[in-house]
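Have a look at the structure below before the remarks.
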Amino acid sequence: MTALAHLRHHRSPGVLVTLAQVRGHSPRPAGAKMVVGLDQVWDTIGGGNLEAVAIDAAREMLRTGGTSPELLHVSLSDKAPLQFGVQCCGGEVTVLLDPIGVSGAVAVFGVGHVGLELARILARHDVDLTLVDSRAEQLAEERLAVLADALAQVHVRHEPLTPERVIADLPPGAHVLVMTHDHAEDLAICDAALRADHLGSIGLIGSSAKWARFSRALTAEYGHERSELDRITTPIGRADIAGKEPAVIALSVAADLVVRMQGEVGAHQE
């Protein structure tokens, strides 16, 4: 797994560090790169004092939640010692520190009329998007062709028997939306989501009557405490966007999700 894929999968921020300009001698030429995470570093820009200074600056950027690229000028001279010692290659380098933000993650269980409309909207955003359905025809290549130019990382999962098992594979903080064609599937997915402690929000499409039945089943049959059910939001979407057409419901749900994910970005910056 590459550094960027690792950060994306674990929904962890990082900083791309690049030797943007080199004057004189340096351990590596201009263009050398490395990625700095919260507790891991990938590749190298040459080691020594230069790399230590760059890693320290990158970690400070991660600590303070910086979102704008920054330039760092380092003199590799014994006459210009820095906090990690001296590196006397004799040159000067300019290092570009470019923050890598945390992308949102969403799993849509049920790619029916609303699910597909929602996928079309979310696919235009930089998110990790998992589409799950027990019906192969809903995930047919020609049906999902509308997502061909997606900016999102789209993962398609056909789970004919136990779609709820996908829950365990979702990245940390993933938002789950339950909207399958089968109430029994919805209930099983809700149960699995409640048993997982790594998820973000859990949303269930449906009426108040459906939720009343689910609440009874989740407590009486599945053994969940009443307080656990507060993790599930139903109905889903924004109350100020009314309408029952699939495209309108999808727009309402997507708007709510975008607000939630923007809040996550703010939390990472605190």
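Distance check: Leu71 CG to Asp98 CG gives 10.0 Å after rounding to the nearest 0.5 Å. Put simply, CG on Leu147 and CZ on Arg124 are 9.5 Å apart, with the number rounded to the nearest 0.5 Å. Of the inter-residue distances, the one linking Glu164 atom CD with Glu185 atom CD reads 8.0 Å to the nearest 0.5 angstrom. Here His224 contributes atom NE2 and Leu194 contributes atom CG; the two are 4.5 Å apart, rounded to the nearest 0.5 Å. Once rounded to the nearest 0.5 Å, the distance linking SG of Cys190 with CZ of Arg195 reads 12.0 Å. For the atom pair Ser215 OG and Arg226 CZ, the distance stands at 5.0 Å (nearest 0.5 Å).
Of all heavy-atom pairs between Ala152 and Leu122, the closest is CB-O, 4.0 Å. Heavy atoms only, all atoms of each residue included: Ala30 and Ala20 are closest at CB-O, 4.2 Å. Here the shortest heavy-atom pairing between Pro99 and Met61 reads CG-SD, 3.4 Å. Smallest separation of non-hydrogen atoms from Val22 and Ser26: CG1-OG, 3.4 Å. Listed here is the closest heavy atom pair of Ile167 and Ala196: CG2-CB, 3.8 Å. Annotation for Asp128 and Arg8: closest pair N-NH2, 4.0 Å, computed over non-hydrogen atoms.
At distances below 3.5 Å, at least one donor-acceptor pair connects side-chain atoms of Asp186 with backbone N or O atoms of Thr180. Side-chain atoms of Ser252 do not come within 3.5 Å of backbone N or O of Val248 as any donor-acceptor pair. No donor-acceptor pair closer than 3.5 Å links the side chain of Gln40 to the backbone N or O of Gly37. The backbone N or O of Leu97 sits nowhere less than 3.5 Å from a side-chain atom of Glu70 that would complete a donor-acceptor pair. Side-chain atoms of Ser207 come within 3.5 Å of backbone atoms of Lys210 as a donor-acceptor pair (strictly under, hydrogens ignored). In this structure, His175 contributes its side chain and Ile202 its backbone to no donor-acceptor pair below 3.5 Å.
Under the 4.5 Å side-chain heavy-atom criterion for Ile, Leu, Val, Met, Phe, Trp and Tyr, Leu170 and Leu129 are members of distinct hydrophobic clusters. Two different hydrophobic clusters hold Ile241 and Leu257 under the rule that ILVMFWY side chains link at heavy-atom gaps under 4.5 Å. If you chain together hydrophobic residues whose side chains sit under 4.5 Å apart, Met179 and Trp211 never meet in one group. Cluster membership check: Val114 does not share its hydrophobic cluster with Phe214, using side-chain heavy-atom separations under 4.5 Å among Ile, Leu, Val, Met, Phe, Trp and Tyr. Cluster annotation: Leu177 is not connected to Val258 through the hydrophobic network of ILVMFWY side chains, with a link wherever side-chain heavy atoms come within less than 4.5 Å.
Annotation for His181: atom NE2 counts as buried by contact number, over 12 foreign heavy atoms lying within 6.0 Å. Shown here is Arg120, whose CZ atom has no more than 12 heavy atoms of other residues, nucleotides or ligands within 6.0 Å. More than 12 heavy atoms of other residues, nucleotides or ligands lie within 6.0 Å of CD in Glu137, so this atom counts as buried by the packing criterion.
In this model, no donor atom of one side chain and acceptor atom of the other lie less than 3.5 Å apart for Thr130 and His155. Judged purely by distance below 3.5 Å, without hydrogens or angles, the side chains of His73 and Thr94 pair a donor atom with an acceptor atom.
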query = What do the steps show when you test Leu218 against Ile232 for side-chain contact (heavy atoms from CB on, under 4.5 Å), and what is the final call?
reply = CA-CA 11 Å; Leu218 288 168; Ile232 297 178; 4.2 Å; yes
message = Quick one, Val106 with Arg260, criterion side-chain contact (heavy atoms from CB on, under 4.5 Å). Give me CA distance, side-chain angles, the key distance, then yes/no.
response = CA-CA 11 Å; Val106 182; Arg260 291 178 186 270; over 6 Å; no
task = Test Leu19 against Leu50 for side-chain contact (heavy atoms from CB on, under 4.5 Å), laying out the working first.
result = CA-CA 10 Å; Leu19 286 186; Leu50 166 64; 4.1 Å; yes
request  = Could you please spell out the steps behind the side-chain contact (heavy atoms from CB on, under 4.5 Å) verdict for Met34 and Ile55?
outcome  = CA-CA 9 Å; Met34 69 179 181; Ile55 291 173; 3.5 Å; yes
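Proximity of Val132 to Ile189: side-chain heavy atoms (C-beta onward) are nowhere separated by under 4.5 Å. Within the 4.5 Å cutoff, no side-chain heavy atoms of Arg135 are placed close to those of Asp182. Inter-residue side-chain proximity for Val17 and Val35 is flagged as unmet; no heavy-atom pair is nearer than 4.5 Å.
The aromatic rings of His10 and His6 lie tilted to each other, with the angle between the two planes from 30° to 60°.
Using a 4.0 Å cut-off between charged side-chain N and carboxylate O, Arg143 and Asp133 make no salt bridge. A salt bridge is defined here as a Lys NZ or Arg NE, NH1 or NH2 lying under 4.0 Å from an Asp or Glu carboxylate O, and Glu159 with Arg157 meets this definition.
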